*Asks:* 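Right, I'll just put the structure down here and ask away after.
Note that the coordinates shown come from a computational prediction; the quantities given were computed from them, not determined experimentally.
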Amino acid sequence: MSALLEIRNVTMKFGELVADRDVSFNVEAGTICGLIGPNGAGKTTLFNCIAGYYTKLGIARTFQVVKPLKEMSVLDNIMVGAFLHHSRASEARKIAQYCLSLCFLEDFGDKPAGELPIGSKKRLEIARALATEPSLLLLDESISGLTSTEIHEMLEMIRRLRDKGITILMVEHIMEAIMPLANTIVVLSHGEKIAEGQPQSIVHNQE
């Protein structure tokens, strides 16, 4: 298996504060890599470093706080992402309808996005990112704050995306969700990588 993303010696400072220090790891193509660690560990900062402004190179991301275009329909929200690569509305709509299906949103296509419950809004955020047709999808706490039913739906959806060949790097605090889902786990603490490996080895890592 080959690496789709290689992170090498990433350091990010805000003045004297070092948010990430010398972080390196690979994300293998077609896998789910979980990025975990306590609050302030540098996870979201690392996400921001990876994402940059390079969406057209095949990276798309979601954010912890979802911000749909509330007055627009769910389908139209997703079409916004599709217009990155498709100038014709008919093409963008076709991509958006496919993403609706992938993200279990078929029943909400005509609804105003602002009326969706939080679980569906988070799936909409992912669908809009998917509409840009990324090779690498960055998910920032897409499971946090959901009910047990919504978590189950989200996990099933993320597995489906991986099975479609989309590589995923995700930040998550809910260990019961990320451990059975991820192929590999990277652990940050105080901006530094302290562990990397398969979930089973991470569970038994004392540090």
Side-chain angles (χ1 to χ4, degrees), residues 1-12 19-55 57-64 99 102-103 122-123 125-130 132-146 151-207:
M1 205 174 293
S2 60
L4 179 68
L5 175 68
E6 296 182 4
I7 298 167
R8 291 289 176 267
N9 310 110
V10 173
T11 296
M12 183 64 188
D20 290 304
R21 185 190 302 275
D22 200 29
V23 178
S24 299
F25 61 91
N26 291 348
V27 180
E28 304 298 329
T31 67
I32 297 172
C33 177
L35 184 61
I36 67 173
N39 289 331
K43 304 182 298 297
T44 296
T45 297
L46 183 61
F47 253 40
N48 290 336
C49 291
I50 295 168
Y53 295 99
Y54 302 119
T55 306
L57 296 182
I59 297 176
R61 66 161 295 174
T62 64
F63 295 85
Q64 293 179 24
C99 294
L102 273 182
C103 297
K122 287 202 171 192
R123 295 203 306 277
E125 180 96 344
I126 294 173
R128 191 165 53 183
L130 285 174
T132 68
E133 301 174 88
S135 299
L136 174 64
L137 181 61
L138 308 180
L139 302 180
D140 197 354
E141 297 193 29
S142 295
I143 299 173
S144 298
L146 303 184
I151 288 173
H152 176 77
E153 291 174 342
M154 185 67 81
L155 295 180
E156 186 178 346
M157 187 196 76
I158 292 172
R159 288 191 186 97
R160 177 191 284 195
L161 300 181
R162 177 186 58 191
D163 292 344
K164 293 289 184 181
I166 297 170
T167 305
I168 298 170
L169 174 61
M170 57 187 298
V171 166
E172 193 48 64
H173 285 293
I174 302 176
M175 294 301 99
E176 296 86 348
I178 190 65
M179 286 303 179
L181 183 66
N183 300 98
T184 58
I185 297 286
V186 174
V187 188
L188 296 185
S189 181
H190 301 292
E192 298 184 5
K193 186 181 81 173
I194 61 170
E196 177 182 2
Q198 295 181 344
Q200 193 65 20
S201 68
I202 297 299
V203 167
H204 292 97
N205 183 307
Q206 291 298 320
E207 187 176 8

*Asks:* Under the side chain to side chain contact (heavy atoms under 4.5 Å, CB included) test against Ile32, which residue among Leu161, Thr167, Ile168 passes?
*Replies:*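 Output: one option passes, namely Ile168.
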*Asks:* Met157 versus Leu102: any side-chain heavy-atom pair under 4.5 Å?
*Replies:*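 Side chain of Met157 against side chain of Leu102, heavy atoms only: no contact under 4.5 Å found.
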*Asks:* Is His152 close to Leu146 at the side-chain level, that is, under 4.5 Å between some pair of heavy atoms?
*Replies:*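 The answer is no, as the side chains (C-beta and beyond) never meet within the 4.5 Å cut-off.
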*Asks:* Should Val203 and Met179 be marked as a side chain to side chain contact (heavy atoms under 4.5 Å, CB included) after you check the CA-CA gap, both sets of side-chain angles, and the distance that decides it?
*Replies:* CA-CA 8 Å; Val203 167; Met179 286 303 179; 4.2 Å; yes
*Asks:* Given 3.5 Å as the limit, does a donor-acceptor pair link the side chain of Ser201 with the main chain of Gln198, or not?
*Replies:* yes
*Asks:* Where do Ser135 and Leu4 come nearest, in terms of heavy atoms and distance?
*Replies:* O-CD2, 3.4 Å
*Asks:* How long is the gap from NZ on Lys122 to CE on Met154, to the nearest 0.5 Å?
*Replies:*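 Going from the NZ atom of Lys122 to the CE atom of Met154 covers 6.5 Å.
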*Asks:* Side chain to side chain contact (heavy atoms under 4.5 Å, CB included), that's the test. Do Asn26 and Arg8 meet it? Break it down for me.
*Replies:* CA-CA 8 Å; Asn26 291 348; Arg8 291 289 176 267; 2.9 Å; yes
*Asks:* Which of these passes side chain to side chain contact (heavy atoms under 4.5 Å, CB included) with Ile174: Leu181, Ile151, Leu155?
*Replies:* Ile151
*Asks:* Is there side-chain contact between Val10 and Ser24, with at least one heavy-atom pair below 4.5 Å?
*Replies:* no
*Asks:* Taking atom CE of Met175 and atom CD1 of Ile202, what is their separation to the nearest 0.5 Å?
*Replies:*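 Nearest 0.5 Å value for the CE-CD1 distance: 10.5 Å.
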*Asks:* Compare all side-chain heavy atoms of Thr184 with those of Phe25 and state whether any distance is below 4.5 angstrom.
*Replies:* no
*Asks:* Checking Glu196 against Val187 for the side chain to side chain contact (heavy atoms under 4.5 Å, CB included) test, could you report, in this order, the C-alpha distance in whole Å, the side-chain angles of both residues, the deciding distance, and whether it holds?
*Replies:* CA-CA 6 Å; Glu196 177 182 2; Val187 188; over 6 Å; no
*Asks:* Any side-chain heavy-atom pair from Cys33 and Asn183 closer than 4.5 angstrom?
*Replies:* no
*Asks:* Establish, from distance only, whether the side-chain atoms of Ser2 and Glu28 form a donor-acceptor pair under 3.5 Å.
*Replies:*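 Side chains of Ser2 and Glu28: no pair found under 3.5 Å.
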*Asks:* Could you measure the distance from the CG atom of Asp140 to the CD atom of Glu172? Nearest 0.5 Å is fine.
*Replies:*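 Rounded to the nearest 0.5 Å, the CG-CD separation comes to 9.0 Å.
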*Asks:* Please answer whether the main-chain N or O of Ala129 pairs with a side-chain N or O of Thr132 as donor and acceptor at a distance below 3.5 Å.
*Replies:* yes
*Asks:* Grab the two heavy atoms, one from Pro199 and one from Ala182, that are nearest each other, plus how far apart they are.
*Replies:*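 Taking every non-hydrogen atom into account, CG-O, 3.3 Å.
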*Asks:* To the nearest 0.5 Å, how far apart are CD1 in Ile158 and CZ in Arg123?
*Replies:*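 Between Ile158 CD1 and Arg123 CZ, I get 11.0 Å after rounding to 0.5 Å.
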*Asks:* Could you state the interatomic distance from CG (Asp20) to CG (Asn48), rounded to the nearest 0.5 Å?
*Replies:*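 Between atom CG of Asp20 and atom CG of Asn48 there are 9.5 Å.
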*Asks:* Please round to the nearest 0.5 Å and tell me the distance separating atom CD1 of Ile59 and atom CG of Leu5.
*Replies:* 6.5 Å
*Asks:* Does some side-chain heavy atom of Val23 sit less than 4.5 Å from a side-chain heavy atom of Asn9?
*Replies:*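 No; the side chains remain at least 4.5 Å from each other.
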*Asks:* Any side-chain heavy-atom pair from Ile50 and Leu169 closer than 4.5 angstrom?
*Replies:*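 Of all side-chain heavy-atom pairs linking Leu169 with Ile50, at least one is under 4.5 Å.
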*Asks:* Evaluate Leu188 against Ile194 for side chain to side chain contact (heavy atoms under 4.5 Å, CB included), listing each step before the verdict.
*Replies:* CA-CA 6 Å; Leu188 296 185; Ile194 61 170; over 6 Å; no
*Asks:* Between Met170 and Ile143, is any pair of side-chain heavy atoms under 4.5 Å apart?
*Replies:* yes
*Asks:* Quick one: does any side-chain atom of Lys43 pair with a main-chain N or O of Pro38 as donor and acceptor, under 3.5 Å?
*Replies:*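 Checked: pair present.
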*Asks:* How about CZ on Arg21, more than 12 heavy atoms from neighbouring residues, nucleotides or ligands closer than 6.0 Å, or not?
*Replies:* no
